[in-house]
Trainee: 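Just passing along the structure, written as structure tokens.
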Amino acid sequence: MSDWLAQVIDRADAVASAQNDELSSARLSALSELKQQKWPTRRTEAWRYTSLHPLEDMTLPALSNDTPAVPDIDGLEPIDFVFVNGKLQGNMPALPAGLSIGGLTDSTMQAAATEVFGTVKPRTHLFGLVNDVLATDGLVIDVAAGASIARPLRIVNVVTAGAETHHRVLVRIGDGASVSVIEHGAGSGASVNTAFAEYALGAKAHLEHYRFALHSGDAIHIGGAHFSLGTEARLNSTLVGYGSQLSRLDYDVIHAGQHAHAKLNAVYLLGPREHFDLHTNIEHAVANGTTEENARGIIGDRARAVFNGRIHIHRDAQKTLAELNNRNLLLSRGGNISTKPELEIYADDVQCAHGATVAEIDDKALYYMLSRGIKREQALVMLNFGFIQELVQQMPSKALAQWLEPQLRARFVEMDTRNGS
Amino acid sequence: MMLTIKDLHARVEDKVILKGLNLEVKPGEVHAIMGPNGAGKSTLGYVMSGRDGYELVSGSIEMNGDDLMELEIEERAQKGLFLAFQYPVEIPGVSNMEFMKESVNAMRKARGEEALTAAEFLKMAKEACKQVNLPLDFLKRGVNEGFSGGEKKRNEIMQLILLKPALAILDESDSGLDIDALKVVADGVNSQRDGKRSFIVVTHYQRLLDFIEPDYVHILSDGVIVKSGGPELAKEVESTGYAWLGKPVESEEAGA
Ligand SMILES: Nc1ncnc2c1ncn2[C@@H]1O[C@H](COP(=O)(O)OP(=O)(O)O)[C@@H](O)[C@H]1O
Ligand SMILES: [Mg+2]
């Protein structure tokens, strides 16, 4: 066991004795599980390409109190929950009918909290367990059956230099209810953050989900989003990730009811020397589910991306339709991508397709464009940004897409280190 | 002088291809460069435009007083150099329209002019598209994506019309074209001749020169211009071929 994990366990015991809420027993159970876990090394399959050295070696600087502004998005009127280093800023906003929201330990939210906490997220994620035992900050969101929440809920999770935070979001979406949730994480100073979210979708529930994991620089971000889909539930999820010295996300989608549909788009844009690791796992546990997953990334100089896309089609999951595609563009030979689609199919009547590609910049096309007077950075954007842009434009919220696109474009232009440096 | 090339030696990878080429082009002139396959005709265009891997060994290339070799690829283009490619590049995912609009606006910006609006550009592009006899939906398609050989060549001429370069090099813009397409290409080029802008027409055959009448004809062989003359030289090549040049051009030991 590492020192880091040992101190987590020490603190967890303290958290467990201090908290006396409905989640206590779930925390204790996670803690005993955590005590069984081995600290990942290069030989641990799930951590093969992602080293935890930055976490082991992290000495947090003094806590910085500058707080980045929460972005205003044209055409979007979200109900905002802004957390700075785990603490909710301001008061709970007024909520429309059908929506109840409270803190993790809020007594009014206990029914929803206990139903979702640790029941969607598999227990295999080490840092998920860490989050189980340490997260006392976060939100419980309960959408009543049949409720259709018009305004998106935006959960902003800002982590400043020097902070260590463990943040949790639990969402229960009742039968036939629909809601849009934006998880926006940011921070670039030396910090440690785990952020896990669990979503339990009832029958015919609809979730539009966004996770903007815009942590960069020295911020260590380890988290996940986990979804359980009831019968005929629909999930449309978009992940946008930047890399940092250590960024790791785990997604799980569990088709628990038949005829559910999951659409998962992921975009990652890694600047020089950044690291980003995305593991996704789709569990088709029952028949007639569909999954459409697209992950696309652009990898800057000496950056490393890891993508592992698992689709597990259980024996009874006949008539499953699952597609997984991963495309990567290396901006320089110094960048690195490890991509691995992992299919485990135990049913015979299924349609399942997967593919992964890694491309480099098309030098001929670039030369052709330059020879027409187009500036190098502009040409690169035109040539290579398109395949990312396509996924951004698929986001159901046009307002979010319009807000995001120029930022990604700017980040992309900055990433091109061959331009003059 | 529009273009002054002095004693140009250039190599591709490790092989010296151009071995002491001299050429002067005045504003408004049309020069034809003819020669057998492998003579170095395309290499000349690539070196001038700055393609990676095509390196200057010695000598100089000046365009309108600028040392071309000192400029980035896009700067050369912005200063008025245009190469119509022998093999135009396909760029799936970038529309022809976007490509040409960015290009035209990059040139305008370099000249300190306002960028054209989408509507203004569309009008220009439609006219140019008609002029080279391409259906308008070619503007929406990916750059050269799935175009036939002839369509690619006409697309190059469309760019020539839109960009109005000071010096255009047409690298075998005639190859693979039927007579109608050839006329479209030639008419396109002729419409751009205004007594100030210059053209270097690179061709293997004399045929194109029936339609684009050159002021001078040069024969390039094994990296040097071995003969220069007027339009009559092209006729001579047509009847005698290149056999009189003697030795094959791909001799390995050929040094600088
Ligand atoms: N990329 C390249 N790598 C190696 N040799 C090349 C390359 N391009 C051209 N060459 C060689 O350079 C010589 C001249 O080629 P090129 O300029 O294309 O001739 P032309 O256009 O007159 O037919 C040929 O011998 C050809 O094989
Ligand atoms: Mg050639």
Side-chain angles (χ1 to χ4, degrees), chain A residues 265 267 269 294-298 325-333 355 357-394 402 405-406 408-410 412-413 416-421, chain B residues 45-54 71-111 115 142-145 152 155-156 158-160 162-166 168-169 171:
Chain A
N265 280 346
V267 164
L269 268 178
N294 272 297
R296 296 182 185 174
I298 299 183
N325 189 274
N326 175 228
R327 285 169 64 186
N328 297 282
L329 174 76
L330 290 174
L331 283 189
S332 88
R333 294 268 157 89
T357 57
V358 180
E360 289 177 14
I361 286 179
D362 182 345
D363 287 329
K364 250 188 177 159
L366 181 60
Y367 161 60
Y368 190 50
M369 295 176 95
L370 296 177
S371 84
R372 295 301 181 250
I374 299 172
K375 280 210 169 117
R376 190 186 156 83
E377 60 181 43
Q378 176 67 11
L380 283 167
V381 167
M382 288 167 71
L383 275 176
N384 301 314
F385 194 66
F387 85 118
I388 294 261
Q389 208 171 11
E390 207 181 312
L391 294 193
V392 172
Q393 281 165 359
Q394 281 179 20
Q402 266 168 29
E405 208 213 88
L408 296 183
R409 195 179 270 263
F412 174 75
V413 168
D416 174 35
T417 51
R418 295 194 297 186
N419 187 21
S421 66
Chain B
Y46 291 147
V47 171
M48 286 176 67
S49 79
R51 182 171 191 164
D52 261 2
Y54 290 74
L71 302 175
E72 299 290 341
I73 303 173
E74 62 272 30
E75 292 171 330
R76 299 180 197 193
Q78 288 162 6
K79 290 199 181 271
L81 179 68
F82 179 89
L83 172 64
F85 283 53
Q86 182 174 0
Y87 304 107
V89 181
E90 296 198 13
I91 315 178
V94 176
S95 80
N96 220 3
M97 183 79 179
E98 185 192 5
F99 174 64
M100 290 194 276
K101 180 164 155 273
E102 288 302 328
S103 174
V104 166
N105 280 336
M107 306 290 190
R108 292 179 68 92
K109 196 169 169 209
R111 289 194 299 261
V143 177
N144 291 317
E145 192 182 0
K152 284 180 182 167
N155 203 34
E156 294 291 285
M158 171 153 57
Q159 294 172 37
L160 172 80
L162 287 169
L163 294 174
K164 309 217 174 309
I169 306 166
D171 191 357

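Chain naming here is simple, since letters A, B, ... match the order of the sequence lines and numbering starts at 1 in each.
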Trainee: Y87(B) versus chain A, heavy atoms under 4.5 Å apart: side chain, backbone, both or neither?
Mentor: neither

Trainee: Would you give the length of the straight line joining atom OH of Y368(A) to atom CG of L83(B), rounded to the nearest 0.5 angstrom?
Mentor: 9.5 Å

Trainee: Where does R51(B) contact chain A at under 4.5 Å (heavy atoms): side chain, backbone, both or neither?
Mentor: both

Trainee: What part of N105(B) gets closer than 4.5 Å to chain A, counting heavy atoms only: side chain, backbone, both or neither?
Mentor: neither

Trainee: State, to 0.1 Å, how close L370(A) and A77(B) come at their nearest heavy-atom pair, and which atoms those are.
Mentor: O-CB, 4.0 Å

Trainee: Heavy-atom count check: over 12 atoms from other residues, nucleotides or ligands less than 6.0 Å from K109(B) NZ?
Mentor: no

Trainee: Hey, which of I91(B), N144(B), D52(B) has the most heavy atom pairs under 4.5 Å with chain A?
Mentor: I91(B)

Trainee: Would you mind checking which part of E75(B) comes under 4.5 Å of any heavy atom in chain A, side chain (CB onward), backbone (N, CA, C, O), both or neither?
Mentor: neither

Trainee: Looking at K375(A), is its backbone amide N or carbonyl O close enough to the side chain of E74(B) to form a donor-acceptor pair, meaning the two atoms are under 3.5 Å apart?
Mentor: no

Trainee: Is any side-chain heavy atom of Y367(A) closer than 4.5 Å to one of V89(B)?
Mentor: no

Trainee: Highest number of heavy-atom pairs under 4.5 Å with chain A: which of R76(B), M107(B), Q159(B), Q78(B)?
Mentor: Q159(B)

Trainee: Please name the pair of heavy atoms, one in A106(B) and one in G373(A), separated by the smallest distance, quoted to 0.1 Å.
Mentor: CB-O, 3.1 Å

Trainee: Against chain A, label V104(B) side chain, backbone, both or neither, depending on which of its atoms sit under 4.5 Å from a heavy atom there.
Mentor: neither

Trainee: S49(B) side chain to S371(A) main-chain N or O, any donor-acceptor pair under 3.5 Å?
Mentor: no

Trainee: State whether the number of non-hydrogen atoms from other residues, nucleotides or ligands found under 6.0 Å of R111(B) atom CZ is greater than 12.
Mentor: yes

Trainee: May I ask you to test the L163(B)-R372(A) pair for a side-chain heavy-atom distance under 4.5 Å?
Mentor: yes

Trainee: So V94(B) and M369(A), side-chain contact (heavy atoms from CB on, under 4.5 Å) or not? Walk me through it.
Mentor: CA-CA 11 Å; V94(B) 176; M369(A) 295 176 95; 4.3 Å; yes

Trainee: Below 4.5 Å from any heavy atom of chain A, which atoms of K79(B) appear? Answer side chain, backbone, both or neither.
Mentor: neither

